[in-house]
Protein chains: 2
Amino acid sequence: MGHASIVAMAPQVTDSLAFLLSKLGQVASERFAVHLAPLGLRPRHCAVLQLLAGAPLGQLALAKTISVAPSVVVDMLDELEALGAVRRVRDTADRRRQVVEITDKGRELGRSAALAAAQVDAELLGALEPGREGELRKTLTAAAGTLGLLPPR
Amino acid sequence: MGHASIVAMAPQVTDSLAFLLSKLGQVASERFAVHLAPLGLRPRHCAVLQLLAGAPLGQLALAKTISVAPSVVVDMLDELEALGAVRRVRDTADRRRQVVEITDKGRELGRSAALAAAQVDAELLGALEPGREGELRKTLTAAAGTLGLLPPR
DNA sequence: TATTGTTATACTCTATAACTATA
DNA sequence: TATAGTTATAGAGTATAACAATA
């Protein structure tokens, strides 16, 4: 007889965390998008609103912080500006820069988005034992943090 | 003082399970894709291989079971057939149907894919307390099952 | 007329590269 | 010449709808 394996390996692909996270992640985004649509928001806008709620930021700094291409930031800001959620302010000292500020409307949208996210959480885990949710959140937060997926607090 | 909330709500979008699952799911797929590439496989092929390992299936039944469009099934099967992983056999009783069978090569690829998935799991959770993994797998499996994301065992 | 599988097309999301205006 | 932001283009992935063969 050989050594017992130290880690529990998934015998099938569908038992792996990689597969489960992929599938659940896809469903989570889709449902989140549905709940955000009435607000005029898309999932990718949320990290921007949350980040700007902390402090104004230039577009390139923003792009780097949330790990998306600068061209995507332009697009997202066009949309958020159309909603009145953010303002682009030309930097008088360096006229190439646009400093992006959140508005009161933007803060309100951020709070509504958090409520929408909570509703999705309930949908995803409604059938689960209630006690598990906090623990799951903790574990996933730790994993996401380690992988550098979370904006700085 | 009001009632205490029964569920723990995430105060910020990035604390929500919806957000965490979306992000982790995206990373999981990307890394899984990287590990599968040398095998000529993509993540979406895996559920097909696993399903066919159980029993042969017509294409439409296959599409319905894994919840993808029939046109996507055509594409996936073209790729899997090119790898020698599956065979399309014309049904002699109903010549419209193609019955899809897995080959020995396909079974072998399925096993390799499971190993690749295990490697990704280790990457995603390497920094976590080891004990958490089994529990996380259990919780995610339950959630995925409830949402109908898992092929029948 | 309905069903199986296929093809053609379009849509979403993102990334890459070329461009402008400032520095 | 380098940088901030923008625009144009292309890629991956999926879904929708029109189509051919068979029932």
Side-chain angles (χ1 to χ4, degrees), chain A residues 18-19 22-23 25-34 36-37 40-48 52 56-82 86-101 149, chain B residues 19 22-23 25-37 40-48 52 56-82 86-101 149:
Chain A
F19 181 90
S22 300
K23 281 292 181 189
Q26 197 182 328
V27 171
S29 322
E30 284 166 7
R31 302 220 179 175
F32 193 26
V34 169
L36 287 178
L41 291 175
R42 292 195 281 157
R44 65 180 191 172
H45 295 132
C46 294
V48 176
L52 294 178
L57 221 50
Q59 292 190 199
L60 241 51
L62 208 165
K64 195 169 184 182
T65 307
I66 61 175
S67 299
V68 302
S71 59
V72 173
V73 170
V74 171
D75 209 41
M76 289 195 292
L77 292 181
D78 287 348
E79 292 163 343
L80 287 172
E81 212 166 28
V86 305
R87 253 190 309 269
R88 283 190 251 221
V89 182
R90 184 68 64 181
D91 184 344
T92 50
D94 179 347
R95 295 187 33 74
R96 291 173 304 182
R97 292 187 76 224
Q98 314 247 51
V99 177
V100 187
E101 298 172 352
L149 302 177
Chain B
F19 181 90
S22 301
K23 282 292 181 190
Q26 198 181 326
V27 171
S29 317
E30 284 166 7
R31 302 222 178 172
F32 192 26
V34 169
H35 282 269
L36 287 177
L41 291 176
R42 291 195 282 156
R44 64 180 194 173
H45 295 131
C46 293
V48 176
L52 294 177
L57 222 48
Q59 292 188 200
L60 239 50
L62 209 164
K64 195 168 182 182
T65 306
I66 61 175
S67 299
V68 302
S71 59
V72 174
V73 169
V74 171
D75 208 41
M76 289 194 292
L77 291 181
D78 287 348
E79 293 163 342
L80 287 172
E81 212 166 29
V86 305
R87 253 190 310 269
R88 282 191 250 223
V89 182
R90 184 67 65 182
D91 184 342
T92 50
D94 180 347
R95 295 186 36 73
R96 290 174 305 184
R97 293 188 73 223
Q98 312 248 51
V99 177
V100 188
E101 298 171 352
L149 303 176

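By convention in this document, chain letters (A, B, ...) are assigned in the order of the sequence lines, proteins followed by strands, and residues within each chain are numbered from 1.
In this structure, the side chain of B:Gln59 does not engage the main chain of B:Val73 through any donor-acceptor pair within 3.5 Å.
Closest contact between the side chain of B:Arg96 and the listed nucleotides D:dA15, C:dT3, D:dG13 involves C:dT3. Listed nucleotides C:dA23, D:dT14, C:dA8 differ in distance to B:Ser71; the shortest reach to its side chain belongs to C:dA8. Residue A:Gln98 has its side chain nearest to D:dT6 when only D:dT6, D:dA15, C:dT22 are considered. Between C:dA23, C:dT14, D:dT14, one nucleotide has an atom nearer to the side chain of A:Arg44 than all others, and that is C:dT14.
Among the atoms of the strands shown, none is found under 4.0 Å from any heavy atom of A:Arg90. Within the nucleic acid shown, B:Arg88 comes within 4.0 Å of sugar-phosphate atoms alone, with no base atom in reach, counting heavy atoms only.
Under the rule for a salt bridge (charged side-chain N to carboxylate O under 4.0 Å, His left out), the partners of A:Arg97 that lie at least two apart in sequence or sit in another chain are A:Asp91.
Each of A:Pro43 and A:Ala93 lies near DNA chain C, and the nucleotide nearest A:Pro43 is the one positioned closer to the 5' end. Each of A:Asp94 and B:Pro70 was assigned the nucleotide of DNA chain D with the nearest heavy atom; the assignment lying further toward the 5' end belongs to A:Asp94. Heavy-atom nearest nucleotides on DNA chain D were determined for B:Ala69 and for B:Asp91, and the one closer to the 5' end corresponds to B:Ala69.
For A:Arg95, the CZ atom counts as loosely surrounded, since its 6.0 Å shell holds 12 or fewer non-hydrogen atoms of other residues, nucleotides or ligands.
Dashed line: the shortest gap from a side-chain N or O of B:Arg97 to OP1 or OP2 of D:dA23 is not under 4.0 Å.
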